[in-house]
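So that the names make sense, note that chain A is the first sequence line, chain B the second, and so on, each numbered from 1.
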Number of protein chains: 2
Amino acid sequence: MSKKIIVIGGSAAGPKAAAKARRMDEFAEITMFQKGPDLSMASCGFPYFIGGFFDDRNKLLCTPAGAVRDPKFYWNAKGIVAKVNTEVTRIDRQHKKVEFTDLMTGKKGSQSYDKLIISTGATANMPPIPGSDLDGITNLQSMQDADYLRKIRDEGKIKKAVVIGGGLIGIETLEALHLAGIELTMVELLPQLLTFLDWKMAKLVQNYLKTKANVITKNGVAEFKGENGKITGVKLQNGTEIPCELAVVAIGVRPNIGLAKEALLDIGSLGGITVNEYMQTSDPDIYAVGDCCEIKNIITGKNVLAPYGDLANLEGRVAGENVIKGNVASFPGTIQTGICKLFDYGIGITGLSETKAKEAGFDFVKVINASPDKPGFMDGKMLITKLIAEKESGKILGAQCIGPGDVSKQLAIWATAIKGNLNVEDMVNADLPYAPPFSLAIDHSIASAHILQNKMNGVFEGISGVDLMEKLNNNEDIFLLDVRGPDEYEQTRLGLGETLIPLGTLRMRLDEMPQDKNMEIITYCKISLRGYEAAVLLKAHGYTKVKVLEGGITAWPFDKEK
Amino acid sequence: MSKKIIVIGGSAAGPKAAAKARRMDEFAEITMFQKGPDLSMASCGFPYFIGGFFDDRNKLLCTPAGAVRDPKFYWNAKGIVAKVNTEVTRIDRQHKKVEFTDLMTGKKGSQSYDKLIISTGATANMPPIPGSDLDGITNLQSMQDADYLRKIRDEGKIKKAVVIGGGLIGIETLEALHLAGIELTMVELLPQLLTFLDWKMAKLVQNYLKTKANVITKNGVAEFKGENGKITGVKLQNGTEIPCELAVVAIGVRPNIGLAKEALLDIGSLGGITVNEYMQTSDPDIYAVGDCCEIKNIITGKNVLAPYGDLANLEGRVAGENVIKGNVASFPGTIQTGICKLFDYGIGITGLSETKAKEAGFDFVKVINASPDKPGFMDGKMLITKLIAEKESGKILGAQCIGPGDVSKQLAIWATAIKGNLNVEDMVNADLPYAPPFSLAIDHSIASAHILQNKMNGVFEGISGVDLMEKLNNNEDIFLLDVRGPDEYEQTRLGLGETLIPLGTLRMRLDEMPQDKNMEIITYCKISLRGYEAAVLLKAHGYTKVKVLEGGITAWPFDKEK
């Protein structure tokens, strides 16, 4: 008798699981229930549809060959019954069936399963504040949300909007609406945007974002203001009011676990469905995949919520195989790699941030590297990487990378290095693809490893911009040495009472340095490569407390003089 | 007393070694000898200077901050004495000194060392055939060669040129001269271009290159023809004559080992200086780095010549540290990662090709994956990857990648995976950076691992285009099944008597398939994802010999019907 497989959810993980199950068993009866009207929407592509990167909505719903992934397609090409506009209302574990309602007709029904896959996704959070029901307030979660925002772009009437929440979705939505010609304000409750990054890296993103939009941090939304049922503004917790005709709320998502909870499946402490490495829930006949479940962070061993489209697909593939073959495939977990585009910038992380490494109790070393992705003559663009490694072993724990350069390649390298348990020493002599159209002779990732190796060997002593500013704020006596050229100094400088001695003249001008060899000296240049050479030189001449400002002027997160 | 370091060679590895030595010891006396007039030229950038990607020659000689790396710069910024136009004529190991000649004045001298670093590079080969001394025949090796070819671009007089040799430099030179408006012919003695790739991958490159230039393989150059001392054409071994006013010879390089050989240092069987992991020669006080030495291939454990700019820099860094600190740093060797750009294509490899894996005696599995780097709605571009893994362990042995997509990232991922000893199973659930501007939800690299995993599990049985063609040429009885849509079929098809049954109709049209369930069936589509689903379906319906054409129409290396 053929196996009966039911999949609840038809967005990302669900269709992948269903398709994989079909390939494992041509004769299984596979049914996929989808509450909404669309299937297998490329929801990560919504911001680019709204932003006008493309105009044909169908592209979000099509296979690469151009077939719309509707129920007919699923039946013809994959032999999968896809029931759209159909809500599963209950999982009856005892009788191994699901109860459902056709949302168009109101008709109810039930269907039995041998194996069930839950991929119910997540719901966008809304702040519990007055005015939330006004017109002009939306999330960017569903195809309908995307259509709504795209229509706003096409009509071109709205002038001002507020994006609430500075996470990935907030950032991507802001770009999309900016490209739609709307004046934007981003409001974030926490002291920084993009909390998966460390403060300094997020601050550099914020500095860039400020050239495109108004950015408010450490301030939540207290109330939506409106007239005639339409939003007219956002009132912040500090009383400020920002007039706007549109507010997009992007303050995170929470797993949809209603069905699972009611069916008494185990739920984790973070609010997601508990699964084992086979993506199997506490009921051996029920699997769960995608945003609705908790998965393991490979580095810390702790559970996390990781609502990412790529992981949803991989998890779906594992569950799809296991429901047919038994538990033959396993999902190892995540290192929480994430990336987003913000105009000309790429922004992302893989592995642990410094904050998370601390939380997890690691003893670690870290470094900032600012340098281009390609040679200047090939129009190389700047990258800023923060690399974190375990102190004793040198094992790579995490990398953050931002900038106009090729961030995606950098993160892919570090993600694979973490997967391979590589340490700093391994990456120092990595053999990566080099030719000028693609990379520097010493790739940015390798250079990052070099600096961290120098730091671990005690050759390079660095200080971050944040730590330097703290020292200056504490009125510590510090000699700031800028070793760039006079032209560069003229263009931009820290403006903190620094002394300019270009590296090429430093050996001849040592007499201009402080008499006190124990004075604290901080050296830097544009990216602190010359700054590093200056520091080495000064130490050789007896200065005992010389540090390099990591990432130099480029990675300086505070205001500069121009 | 301060240490005396001499470096012979000032192009890539030499300057890196000298600079690293300086950072390790501020008071060492460091002298770098350079036979030519320029120092630290970005020689990998020559093709892009010639091709007009940039016009300022100084960009090849400058630091990122814009300082020309001349002897003055080396002295002021790095405290290194750089003697240009000065040829080292002998290494006197007994007295630990080098003898040199100033090529401008003819003055001779000698200088003693505590540690010596040889980075004499390599010399471009010239074929030993008549006419080699005619004007208009050049390599692309030195700054002078680059200037010569750039002048040809700027003057715009030359109409036809021949590039001899289809390796990396030949390919890059061809692009550069094509961009200079010159009509080109490429001549390669061997049956394929780019011999570091397997035949099929190279053939796909050749198919693309043919849209830009005339390509001749399996044919060497017999003679350069000329008039009045100037080249007028190239005569091939089969008698064909190609008229041209310029010939660029790019048939590989050989290590410059004259000094080392005369000093009786050990030379390897491939003709490079022998070094250990510390980059130390058979004389403990002499190190060698860069194109002049042999290094270890990490995968095979055998020595190779690997004249790449990135490795030269890494080797230089290791030697620079070791001459000061003793042998504290080591260089692990290479996996021979290489990449080049050819107009819109990236082309490269990391690890072993199928040919090399065979030579090294590995029992391996392989797969071809053709799929885009990004979603269609983000203007994703095609990539074709050939992935090779050890059969028993699944350990990744090598990856070749070509196409208009982001080849560099793919190779960087596989290079890091090889470094980390990762196997196919590890890469199946890799956690790479995903967002639509950067990648598909399942990155091309992960999809490659998925297909290879399916193949290893026996779920996916593939056949390469080359093997299929061989079967067809042997008149084997094969049912070719194209499962694309009629529109796609109309645009282009194999034209080998195939049957078209779109995947979405296959379940209903099984009666159109051969009666004989043991007949050999090959399924495919554009990239063979639908082809794979069709194969699974047919096997479930009793067909016993069904294979998928790997990479589908996209990776088909032979002619197609249009």
Side-chain angles (χ1 to χ4, degrees), chain A residues 23 26-27 42 44-45 48 53-54 59-60 64-65 76-77 79 308-310 313-314 331-332 334-335 337 339-341 348 350 375-378 408-409 411-413 415-417 419-422 426 429-438 441-442 485 488 503-504 507 526 533 536-537 540, chain B residues 23 26-27 42 44-45 48 53-54 59-60 64-65 76-77 79 308-310 313-314 331-332 334-335 337 339-341 348 350 375-378 408-409 411-413 415-417 419-422 426 429-438 441-442 485 488 503-504 507 526 533 536-537 540:
Chain A
R23 288 195 290 269
E26 170 66 11
F27 304 106
C44 300
Y48 309 97
F53 287 78
F54 59 99
K59 286 194 177 174
L60 290 165
N76 287 340
Y308 293 122
D310 55 339
N313 273 281
L314 297 176
F331 183 72
T334 177
I335 51 174
T337 308
I339 190 170
C340 68
K341 167 174 142 49
T350 182
F377 59 78
M378 295 307 282
S408 171
K409 188 177 86 173
L411 292 174
I413 291 169
T416 312
K419 186 96 186 170
N421 270 310
L422 293 178
D426 294 319
N429 288 309
D431 188 356
L432 296 173
Y434 163 58
F438 306 103
I442 293 183
E488 295 173 88
L503 177 64
R507 282 186 180 81
K526 186 180 174 194
E533 297 196 336
V536 168
L537 193 167
Chain B
R23 288 196 289 269
E26 170 66 11
F27 304 107
C44 300
Y48 309 98
F53 287 78
F54 59 98
K59 286 193 176 173
L60 291 165
N76 287 340
Y308 293 122
D310 54 339
N313 273 281
L314 297 177
F331 184 73
T334 178
I335 52 174
T337 309
I339 190 170
C340 68
K341 169 174 140 47
T350 182
F377 60 77
M378 295 306 282
S408 172
K409 188 176 85 172
L411 292 174
I413 290 168
T416 311
K419 185 97 187 172
N421 270 312
L422 292 179
D426 294 319
N429 288 309
D431 188 356
L432 297 173
Y434 163 58
F438 306 104
I442 293 184
E488 295 173 270
L503 177 64
R507 283 186 179 81
K526 186 181 174 193
E533 296 195 337
V536 168
L537 193 167

query = Minimum heavy-atom separation for A/Leu314 to B/Ala430, with atom names?
reply = CD1-O, 3.5 Å
ask   = When only pairs under 4.5 Å are counted, which of A/Gly45, A/Gly485, A/Pro375 shares the most heavy-atom pairs with chain B?
value = A/Gly45
request  = Heavy-atom pairs under 4.5 Å with chain B are the metric here; pick the option from A/Gly420, A/Pro433, A/Ala441, A/Ala77 that has the most.
outcome  = A/Pro433
Using non-hydrogen atoms only, which part of [X] is less than 4.5 Å away from chain A: side chain, backbone, both, or neither?
X: B/Ile442; value: side chain
X: B/Leu422; value: side chain
X: B/Phe331; value: both
X: B/Asn429; value: both
X: B/Cys44; value: both

Heavy-atom side-chain proximity of [X] to [Y] below 4.5 angstrom:
X: A/Lys419; Y: B/Asp431; answer: no
X: A/Phe377; Y: B/Leu60; answer: yes
X: A/Leu432; Y: B/Thr350; answer: no

ask   = Given the options B/Lys409, B/Arg507, B/Met378, which has more heavy-atom pairs under 4.5 Å with chain A than any of the others?
value = B/Arg507
request  = Apply ring pair (Phe, Tyr, Trp, His ring centres under 6.0 Å) to B/Tyr48 and list each qualifying residue two or more places apart in sequence or on a separate chain.
outcome  = B/Phe53
ask   = Side chain, backbone, both or neither: which part of A/Asn421 has a heavy atom under 4.5 Å from chain B?
value = neither
query = What distance separates A/Leu411 CG from B/Phe438 CZ, expressed to the nearest 0.5 Å?
reply = 9.0 Å
key: Distance, nearest 0.5 Å, that separates OH of B/Tyr434 from CG of A/Asn313   = 8.0 Å
key: Those residues that, when tested against B/Lys59, pass side-chain hydrogen bond (donor to acceptor under 3.5 Å, both in side chains) (two or more places apart)   = none
